[in-house]
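First the structure, in the form of structure tokens, and then the observations on it.
First the proteins, then the strands, lettered A, B, ... as listed; each starts at 1. What you are looking at is a predicted structure, and each value in this text was computed from that prediction instead of being measured.
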Amino acid sequence: MTVLSAAQERAVRRLGQDVCLVAGPGSGKTRVLVHRFQWLVEDRGIPPSRILTITFTEKAAAEIKRRLVEEYRQRPELRRQVEAAPVSTVHAFCARLLRENAVQAGIDPAFKVLDEADAERLLHETSETVLDQLHRDAPEKVVSLLEALAVAPSNAFGESRHPDLAESLVDAYTAMRIAGCGVEGIPAPPAGKDWQSLLNPYLASILDKPDPEKLTPNQTETHAQLREWAGRVRELLAQPVGVSHFEVLGDDRVNIARLKADSAARNAWTALKRDGVLQEAISLLASLYYAPLRGELTAALQSLDTAYRQQKRAVSSLDFSDLEEAAISLLREREAFRDHVRSSFEFILMDEVQDTNPLQWMLLDLLRRPGRFFAVGDPNQSIFGFRHAQPAIFRGYRDTLSQSGGEIDSLHTNYRSRPSLLNAVNAVFTETEGIEPHDLMPPEDSPACTDTAIEILYAQGEDLGSASRNEACWLARRIRELEGAEIVRTRDGLRPAKLADMAILVRSTSVLPLLQEALAAFSVPFLLTGGGTFFDSRPVRDAMLWLSTLANPSDEVSLAGVLRSPLVGLSDESILRLRSGGPLQAALGSPPTLEDTTDCERLAAFSALYQRLRPLRDALSPDRLLLPLLDASGYEEILQTQDRANLAKLLAMLREERPNPLAERLEDLSSRRAAGREAEAPPPDSSQAVRLLTMHKAKGLEFPIVFVPCLQKGTRNTTDPLRFSPRFGLGARWRNPHNGEPVSDPAYGEAARAATKEQAGEEARLFYVAMTRAIDRLVLSYAQSARPAERAKRVSAVFSVSDPLPAQPVTMVHRLGFRYVLHAPESLPPLDLLRSVHRQPSPETMMERLPMRSRRDATVTVTSVALFSACPRRYYLDRYLGWEAGSPTSAAPGNLTDEPGEGEPPLSMEVDAVELGTLVHRLLAGEPADEAPPEAMKLASVFQSSPLGQRAERASRIRREDAFLVDLGEVLLSGQIDLWFEEGGELVLVDYKTDRGVGGSAAYSLQMRLYALALERLAGRLPTLAVLFYLRSGQAIRVDLSTGDLHEARAAVTQLLEAQDKVAFPLNPSAQCTRCPFYQGLCPVSL
Amino acid sequence: MPAPTKLLLTGPPASGKTTLLLEALRRAADAGDGTACLVVPTATMAQHLRHWMAREGLPLSPRAVQTLYAFIQPWAGKAAQIPTASLSLVCQEALERIRPPVFEPLRELPGFHDALASLLDELASAGCGAAALLEPHLRAYREAEFLPALAEVLAGAEEDLASAGLHLRASRLRIAASAIEEKGLGGLRQVFLDGFFTLTSVELDLVATLARHASVTITLPEWPGAETARRFLLEAGFTESKTAESRRQPRRVVVAAGNLEQEVNEMARRILEERAAGRRFHEMGIVVRGEGRYLPALRATLERLGIPARFYFAEPLSAIPVIGRVEAAVAAALRNWDHEALVDLLRLLPPSPDLDAAEFELLKRLPGQGLEALREAPALRTFLESVDRLSPLAAWRSERLVPGEWAKRLAELPRLLPAPVIEDGAPAAQVEAWRTEAAALRAFRAALEEAAVAAGIEPLPLAEFWDTVRLVVTGSELRVRDQRRDVVHVMDANEARQWELPVVFVGGLTEGNFPRRHSQNSLFSDRLRLALRESGYHLRTSAEAEVVERFLFDLAVSRATDLLVLSYPQFDNAGNETLPSFALQEMLDAGGLEMEECPAVRIRPDRPGLITRPPAIRDRTLRASVAERHAVITPSAVEAFLQCPYSFHARHTLGLNGRPPHPKERLDHSARGQIVHDVLAKSLLTAEDVETIFERHFSNACRSLNVPPGFRREALRLEMLASLRAFRRDESVPPGGDSRAERSFLFALPGGPTLRGRIDRIDRYPGHRALIIDFKYTRPVNLRRYISGHEDGVRVQAGVYLLAARECFQLEPAGVLFCAIRREVRWDGWHAGLPLRVGRGEEGGARLAELMQEAVDLIQRTVNEIAAGRIEPAPADPDMCGFCEFIDICRIETAAAPMTAGAAS
Ligand code: SF4
């Protein structure tokens, strides 16, 4: 076990109370958690299965498990227990709880968990359907809602960034669920003020108090105007709210400057206008005016809830919130069950508590027992507000614990970053809204900081665009400078920095294109984590074009796209020629001759592949439709590493179980594309790439060198027309019925204000998380902007970024004593480092594809060989492919069973005859054939009384219905011999025939010779006599078994195997065709 | 006859139990009288052993190797074993009939029916029935609250089974056991049982019965799960013989691949390497746990590399296209030929150019119902012929028949659908598809029969019977026969137990995947299972299931004789790091494993990458024909070229047609623009109010574009209406008596080309002066960009309209105004000497002249470039690419080029 600091040790061993461990970045919280687990197991004797560990991500759960198992490596018994210990995410915990108690929970025991993207898609579709249904049932209500709410008419055409009604409902619904508030329990809008009593005092001031004397004529006029307005408002006070209220209240043109200073009227008007009283009154009015529609909205939310639940139930699926909700209600409603679950865990350890949302906390509250909960978190690193995580939850827990006399543990020693970096973080975040003041401290033995580990890059430019470009290019160039030059600390000790040691952390993905361009320009490979550009990558688009073409080539856009892509490589001229000749897809059927011979060949090859794969479009998974074209065109050869990785990711995606047919599959993919959330693939070799990721994704990671660029860029405020907050209920942004301007009702206003405040805190924390990822060097950069975001302003202030700005890097000393480099370039960097690196690609092994191998079967049956020699095609349809007689379009019911080997009936017999034959065979094999018809008995007796039958009676060795499987060398031969016996030194082989005809076809003879070959192996020698015995006529026909004959029989087997290899089964038209079940059906023969 | 022997061979995996047993079998065979039989758990295992025996030259009939199922057949007689899917149906029906209130929320959930079925089966195998759930001592447990209801439902299912003459596996075994007890084993004198992990209590009873009538030799692996069985057998008088001798250890290698794809590639690479060293394919096997994500990747990769492989896995029957086709046909008929259902059907028919055209035609006509409305469309003729062949189905909708009759009729259904055209010389995948299709149709007929049994004997409508069929089909699996010899064997860990191969790959060794983790049964918890043991019935707990899993792992890693390759992906598909299986880590800790690199691999293509040519039309004749095509051109086409030569080429020269839009997208931006334009033009001509005109136009447009009603259409309607109202309120440029709407023009520029177009409105002012007005259904904020486009050389409309006023209408061009109308109204443009409060009057007539001249220059430059074959993607405004329908095919790459250029300057 590694040594812990005193503070860490205290937390690990604290007992007798719940533990709240506030652990700053880099303070070793996972270590503490793992040690706590170990301490409980070893010192307190708690079995690992009775410690529940909850983490925020699968990755964290795996990491904790890994560390624990590592600790118990040498103790197999404990190790197995630890392996099975419950360490999981909240969702995985709920899923297991529900799976094991599905009956109590009333859910399908085989439920699936919908991933976030699928759930979102289903929810959106449901929202559309619900609104369409509402429109069918009560169109006027939908019209009212659409007219009343400030929603976009549609988001279907990529025209609007504002949500439409369907989306707004979804957003409100989601917020409501995560807040743990069912649709039935939406809190009523906050009561309180009414608009009349709000306005009354001001109106009174304007109307009742006489105006001061000595007004200028202008003032007199204005005061009169104001009184007139106030009078109109007062008249409205008693009237039911209507459009005129909005009209009058909105008619606020009285010029404040023309009212007498300090007059009561002016003061009142100031309050009304500037302090927002009037706006508040309008907001209250809107709430009254639209009260009936609010009911409609709630009803729509309820319908959405019902429909969404039904949809999920229909496919036995739960989304993530369902997991939590269902687990909560199970625990809440069943006391005995709750007690049982609670008591099955002695302790609960929870990681990253600051990222908990209300629903999750409710669950935890139901699970935990007093004094047995160990929570680790850092309110300053709570950054998942967009997923409804609330840092207040952790703070609340801490405060309650401390109010009840509990100790709070905290770890603020940072073992990760250089002291100067910690100083910089402390400097940036003093007195910051949303950040609790805790200075991060280096370990006590850290050396004094004399380095310049902080760099501030402030890029200037003519406008924001050029400044941003400057910033991106300087950043890329700086990466090139640091690569191989900067010495960094890593797990393997000190070494020159590789690209993989560096990370660029961005706030939003919108800045990625600019950064990517700059990195590419400076030959800096990067690994993008997150982002939603997977489907836009070139190879993915090309692949989709091909698959769309296979689905339906009438989609000429896709067809033209694939033709001109390197998958086919036609020139635009050739495509133009093809198109001039008519619809483009005609070229796929019978490719016309093109002037360009290269194109001509390419088109012919492509068309052949298309013809081959098109009939298989639904039978093969799409990846198997794509690979042949990739191989035929050498497409992957021209791709860069990243693109190849994306292609591999696409192949994996195409292998997922998803709906058939291909067309539907493509629709599914394009809706995933539209959602824009699929991140590009990680390149296989990422050691030579800078990490490019969002601050959110960087949580929990650390990098020797960190760049935090584009600090000037703020975030867009949301314009959702609906807002839900547990405190204020459902709020709406309505349209002012008078002028159509948006007007928020009080619930919306309150929620929006709270959200804005929360958002500011969250932004600060994100920046905090980003900065604290750095181990050795931190580069903060931003572009000159007229309206920089808060964090850029703070950096400017803390690092004295003000005129005169140094165009060359200069070292500065902060008042806290640490040094930093400030650089404020005005133009693009010099070209010295542009595209000059050649990085050795990692070596690759080339795999050769084998030509088509042998396709021969391991076994053949005797009747198969006979059937093959009679007609290869019939064999192919019947035996090789297994098309049963009676399959689609076959002309007549057939006569050959599918199961070869045992009890095979002869080659040409009708169905009733087959049954009869079987009975006769059974009788002859000595089996009791219950209720055998007299005809069968009669036929059997024909043989029994024949001379051959008499000989058999005398046999020294006899086998009836002898099934065999013998090795012919190249193949195993199987079948069943009706009868063989040894008598008088002769080995006799007999095959009964119940056919009416006599004479024995060639097929029968072949069959007998194959039996003879088998018998040679069974009995140790070749038969001396082979007889076809016709039961109807009593005739025994002898079959020749000369060496030549037997050789031919073997050759027939070889021919069959060769035909299998080549899939060559020609027709053999003859008179027998009319009796073939495939005649005029699957067989194309025409006689 | 010597007294029967009872021998139990035990030992750890790979300790040679099977070898010993086969030796004994060989001796029995050499005795030569066919009185020995080897019984194994699965059919593939039986086949594998038969082949082995034939190759070894054992003089045994193939019938001497049997699955347990087949072995007991002669004694089980007519006792039919119920298939799994039907058992769920039986449970569902019992549940429906009994309807215990506590199960009401679960009544319709398929997973619950399956869970009931599997518990019923488990109880039977343990030697008890539903009644065991009512054992009094179980009542003390919290989970027992559901037991009475559960027992009632399961007992109901048992009764149903009995009255239908159907049996669970366990009861069939029991019937066979008593028949054997009664009649003996015929001539059979020796029975060998191999490949069973352990035996259930019913199986043990059967073995004991066998041992009373013949010599029995049975192998059991040494593991905790087999302990109960072992004890039972010893008590039954079996002598135990332990095999301790472990055979030679193979070389054991561990490979950590980057991800699943690389892991599969690595297996393939090593297979090829082994092959090149002379190893046959059939000497190699790949073992994975479950189908999961490995199977498709293995199929694709092995196929791609030409490695023949046989997959010992079943596919869900419902996933086979021909079954989808049959299902789609019935669904379409039952839904009264609903057009969406028809699209589903069409997409599953064997493709043809006719059907391609039909699909798009049908998509354009969605939504709808019935065939009659479709008959007018020539593009649908062929498709409708196929549908017409299904007319019997439609007729059946109104009938009520007994299930057996429905099954018979539906069995004929595949004949009504197009048959495949089977040729020889087909590629392997095609052969596989045909074979699968044939097998699927057989399985479908079996499913129909199963459904008929399950659905009872009362007449019912087709829809109801079909629901049952679908449940059976969904629960059915298909194994397609594959007899090839020289193939790599790909199998599940369960299948692998009796195999022994020189080279074995065991993949997917990540924690939780292999060995798997098990949770408790939702109907019958571990505590209840343990409690039931007091009554002598053994049902497996989740902990025991995990022991089985671990045993499967131990078995899988002991299947190789020469080389064992263990592998896992380090990252999952989402790029998250995985945790290698703890069982693997344990093996690593124990030592003797070599870690080997997983080299990056590429697969050699047929050819090096294709060189594509830069986009341009160079050929003179082609250029001439393109120029000819655009000899008459509209200003918007010119602007399209100026925005991007490639998008112009794709739309205006090639005229490419894409997929029909989704119904909800039919009222797109241009359709709405058209409606607004039409309404404005009309309102200029009549006294009708704009609302009335709009509603008429709107509903006409919706009809002709086939826009289905819904909230979205309503939202768009309201927005257009609000926009038109805003326009009506706007008095910036009121139409006068001399306003004209929708004026077409056509005139030639000196030196070409000819320009064609239409002006929204022309207001005439005294002195033959004309003000041109062009409406844009767009947000006012976009107008600025439009105006500045005239400055930036990408817009010609203003100039062309001014020219048209002069050339075609003989008016003096005095101004051109653009009016953006969407929710709000904004005007902008240029004019000279007109009494207007909007637009840029201050720039005067000179600006108008400039606009005209600039337009002429731009147009002529444009047509020259068109004629010169310029077609490269070069967007003037890259932001517009996001709205371009050719974005996926133009191959504009946002490469570093602009940035580099910037840096260089
Ligand atoms: S996406 Fe852009 S570059 Fe490509 S064709 Fe369209 S406009 Fe041109």
Side-chain angles (χ1 to χ4, degrees), chain A residues 62 83 96 99-100 102 106 108-110 131-132 135 142 146 153 336 517 520-521 541 552 554-557 561 566 569 571-572 579 618-619 623-624 627 631-632 634 637-638 648 652 655 661 663 682 684 828 844-850 853 857-858 881-883 888-889 963 965 967 972 1065, chain B residues 54-55 61-63 105 109 111 115 142 258 261 296 300 304-306 308 321 347 356 360 414-415 419 424 433-435 438 483 485 519-520 522 573 575 579 582 599-610 612-613 615 654 656-659 710-711 715-716 719 888-889 896 899-900 903:
Chain A
E83 283 174 9
R96 184 169 178 141
R99 206 165 296 284
E100 293 185 345
D108 193 320
L131 287 169
D132 279 342
H135 179 256
V142 172
L146 288 167
E517 277 180 40
R541 289 187 202 196
N552 193 333
S554 316
D555 173 0
E556 290 179 313
V557 176
S571 67
D572 285 298
R579 185 67 180 91
D618 301 319
D623 59 313
R624 288 167 74 192
L627 287 170
D631 287 335
E637 297 297 291
I638 57 165
R655 284 171 193 150
L828 287 161
E844 282 177 333
T845 308
M846 195 52 103
M847 281 204 276
E848 303 293 339
R849 289 178 295 134
L850 297 178
R853 294 265 128 204
D857 286 346
L881 299 177
W883 283 90
T889 73
L965 180 68
D967 192 0
L972 301 178
F1065 300 99
Chain B
R55 291 204 180 93
S61 158
R63 285 190 202 140
L109 300 175
R142 178 187 51 76
E261 307 292 310
R304 183 182 192 189
L305 286 161
R347 285 172 170 176
D356 292 337
F360 280 11
R415 284 173 198 268
D424 66 355
W434 284 326
R435 191 177 270 170
Q483 302 257 24
R485 167 142 162 83
S519 38
Q520 292 194 55
S522 57
N573 273 349
L579 194 57
F582 290 134
V601 294
R602 293 263 289 284
I603 293 173
R604 189 177 309 283
D606 295 349
R607 53 182 305 159
L610 290 168
T612 50
R613 267 71 50 94
L654 291 177
L656 298 178
N657 295 312
R659 296 177 61 75
F711 91 96
L716 294 170
E719 194 195 43
D888 286 336
I889 72 164
M899 178 68 72
T900 320

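Side chain of R579(A) to backbone of L654(B): a donor-acceptor contact under 3.5 angstrom is found. The backbone N or O of G710(B) lies less than 3.5 Å from no partner atom in the side chain of D132(A), so there is not a single donor-acceptor pair.
Using a 4.0 Å cut-off between charged side-chain N and carboxylate O, E637(A) and R602(B) make a salt bridge. Residues D857(A) and R485(B) are not paired through a salt bridge, judged by the lack of any N-O separation under 4.0 Å between the basic side chain and the carboxylate.
Both the backbone and the side chain of R849(A) come within contact range of chain B, with heavy atoms under 4.5 Å apart. Looking at R142(B), the atoms closer than 4.5 Å to chain A (heavy atoms on both sides) all sit in the side chain, from C-beta outward. For R96(A), the part sitting under 4.5 Å from any heavy atom of chain B is the side chain, from C-beta outward, and nothing else. In this structure, the portions of D618(A) lying under 4.5 Å from any heavy atom of chain B include both its backbone and its side chain. Within the 4.5 angstrom heavy-atom criterion, atoms from both the backbone and the side chain of P615(B) approach chain A. Of the two parts of Q520(B), the backbone and the side chain both hold a non-hydrogen atom closer than 4.5 Å to a non-hydrogen atom of chain A. At a 4.5 Å heavy-atom cutoff, the contact between I603(B) and chain A is made by backbone and side-chain atoms alike. Both the backbone and the side chain of A300(B) come within contact range of chain A, each with at least one heavy atom under 4.5 Å from a heavy atom of that chain.
Ranked by heavy-atom pairs shorter than 4.5 Å toward chain B, the options I638(A), L972(A), V142(A), D967(A) are led by L972(A). Ranked by heavy-atom pairs under 4.5 Å with chain A, the first of A115(B), P608(B), P321(B), G111(B) is G111(B). The choice from A648(A), A336(A), G634(A) that makes the most heavy-atom pairs within less than 4.5 Å of chain B is G634(A). Looking only at heavy-atom pairs under 4.5 Å with chain A, the residue among G609(B), G306(B), S522(B), A54(B) that has the most is S522(B).
Side chains of N657(B) and V557(A) form no contact here, defined as non-hydrogen atoms less than 4.5 Å apart. Counting only heavy atoms from C-beta outward, the side chains of E719(B) and L146(A) never approach each other to under 4.5 Å. Side-chain atoms of D572(A) and R613(B), non-hydrogen and from C-beta on, never get closer than 4.5 Å to each other. Under the 4.5 Å side-chain criterion, counting only non-hydrogen atoms from C-beta, E261(B) is in contact with R655(A).
Looking at every heavy atom in both residues, W883(A) comes nearest to W434(B) through NE1-O, 3.5 Å. Looking at every heavy atom in both residues, F360(B) comes nearest to N552(A) through CE1-ND2, 3.2 Å.
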Check step by step if side-chain contact (heavy atoms from CB on, under 4.5 Å) holds for S519(B) and R99(A).
CA-CA 8 Å; S519(B) 38; R99(A) 206 165 296 284; 4.1 Å; yes
CA sep, side-chain torsions, deciding dist, call: D631(A), R304(B), salt bridge (Lys or Arg N to Asp or Glu O under 4.0 Å):
CA-CA 9 Å; D631(A) 287 335; R304(B) 183 182 192 189; 2.8 Å; yes
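Note that NE2 of H135(A) and CZ of F711(B) are 10.0 Å apart. Values are rounded to the nearest 0.5 Å.
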